[in-house]
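Report on one structure; see the data block that follows.
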Amino acid sequence: MAGGKIRKEKTPRGSIGSSNHYQGGIQFHKSKGQHILKNPLLVDSIVQKAGINSTDIILEIGPGTGNLTKKLLEAGKSVIAVELDPRMVLELQRRFQGTPFSNRLKASDVLKCDLPYFDICVANIPYQISSPLTFKLLNHKPSFRCAIIMFQREFAMRLVAQPSDSLYCRLSVNTQLLARVSHLLKVGKNNFRPPPKVDSSVVRIEPRKPPPVVNFKEWDGLVRICFTRKNKTLGSIFRQKRILSIMEKNYKTLQALGVPQAADVAVDMAVLGDSGEMEEESEDEDEDMDMDMEMEDGETKSDFKEKVLGVLKEGEFELKRSSKLAQEDFMHLLSLFNKVGIHFS
Ligand SMILES: C[S@@+](CC[C@H](N)C(=O)[O-])C[C@H]1O[C@@H](n2cnc3c(N)ncnc32)[C@H](O)[C@@H]1O
């Protein structure tokens, strides 16, 4: 994995310490993920690793007081920034008064607004929006060249995790379907004011071009099921009554509509117990044992179950575990299900 570690920067004598979390009269709100970059060497390193061209339109999410913004303005053609906190917007307008940037400042929640065209996104984001923001960017059209984003370390490691890595999960599989992801830089807590509780990492995300030819909603429906217990065999996951009954309901709806592809049909697979966020599945042993018992008691001896198990058998998936399956394996499994009319969206 690439990237050196940026070490702790000493707080300059006489400057405002991290304990009261003020800068320029602004009190930082942890609830808005306000951890400002205070190490100029780190800011330079992020901008350098981003590989910004002088012709680039840059999107910055959460510019805060503008420490990264200033360097981005020097590197690219223009910066469009989206900032939620009106106090930060005022501070930025004051800091960049009279420059074209002050007109390109969007005072808005990035998750709720339409994003403009941009070539590259560079951002130190509030960590609580990591997952929805990543997928908002990956859905953005026209696609951009790359995004260089600071994430919580564990989230970053999930993004780049490969089959058999302990952090390999639905987030890894879904992100890597849509983008090439690489780890750029480890960042210690003390590079921020106030320091967050967790370490951070800068990651590069490059959308795949052309994008994969797959219905993402359906892909995610399958991957979501496979990762309900990533260390269980797919045979035991797809024998669960709960999962079989949701799949069968979806199957029957599509049959009734005479729709061979699931793309236009919204049957809610979210009943499977996940809000759509990229949280990890439970690794709880007792819960797994309960699940085994439920499986033995609750097996449905239906034709549909035979159909599902037939698919697993055909692809030799029955004894395989999601924790070890690669992108191509999930793609193959999805195509086998689709071949017999089983869909996941
Ligand atoms: C981690 S700070 C980064 C500040 C600055 N970029 C820096 O590196 O010093 C995150 C910034 O995102 C802003 N923010 C939080 N939630 C946001 C949202 N939903 N949309 C846009 N900005 C948001 C916060 O107000 C804060 O300024």
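Quick note: residue numbers are just sequence positions, from 1. In each ligand, atom 1 is the first atom listed, and ligand 1 is the first ligand listed. Every heavy atom of this structure was used, including side-chain atoms; hydrogens, water molecules and symmetry mates were not.
Ion pairing between E91 and R87 fails under the 4.0 Å rule for side-chain N and carboxylate O. Salt-bridge check for R145 with D56: passed, with a basic side-chain N closer than 4.0 Å to an acidic carboxylate O. Here E248 does not pair with K305 in a salt bridge; the nearest charged N to carboxylate O distance is not below 4.0 Å.
Ring-plane geometry between F304 and Y251 is classed as tilted, the angle between the planes lying from 30 to 60 degrees on a 0 to 90 degree scale.
For M150, no heavy-atom contact with ligand 1 is shorter than 4.0 Å. Residue contacts with ligand 1 for L111 are absent, since no atom lies close enough (heavy atoms, distance under 4.0 Å).
In this structure, the protein non-hydrogen atom closest to atom 1 (C) of ligand 1 is G33 O, 3.0 Å. Among all non-hydrogen protein atoms, the one lying nearest atom 5 (C) of ligand 1 is P63 O, 3.2 Å.
Which of P126, G62, S108 comes nearest to atom 16 (N) of ligand 1 through a heavy atom is settled by distance: it is P126. Around atom 25 (O) of ligand 1, the closest heavy atom drawn from K32, Q128, E83 belongs to E83.
At least one N or O atom of D109 sits closer than 3.5 Å to an N or O atom of ligand 1. At under 3.5 Å, not a single nitrogen or oxygen of N67, backbone or side chain, sits near a nitrogen or oxygen of ligand 1. Polar contact check, L37 against ligand 1: a nitrogen or oxygen pair lies under 3.5 Å apart.
Y127 and F155 have their aromatic ring centers separated by at least 6.0 angstrom. For F337 and F238, the distance between ring centers is under 6.0 angstrom.
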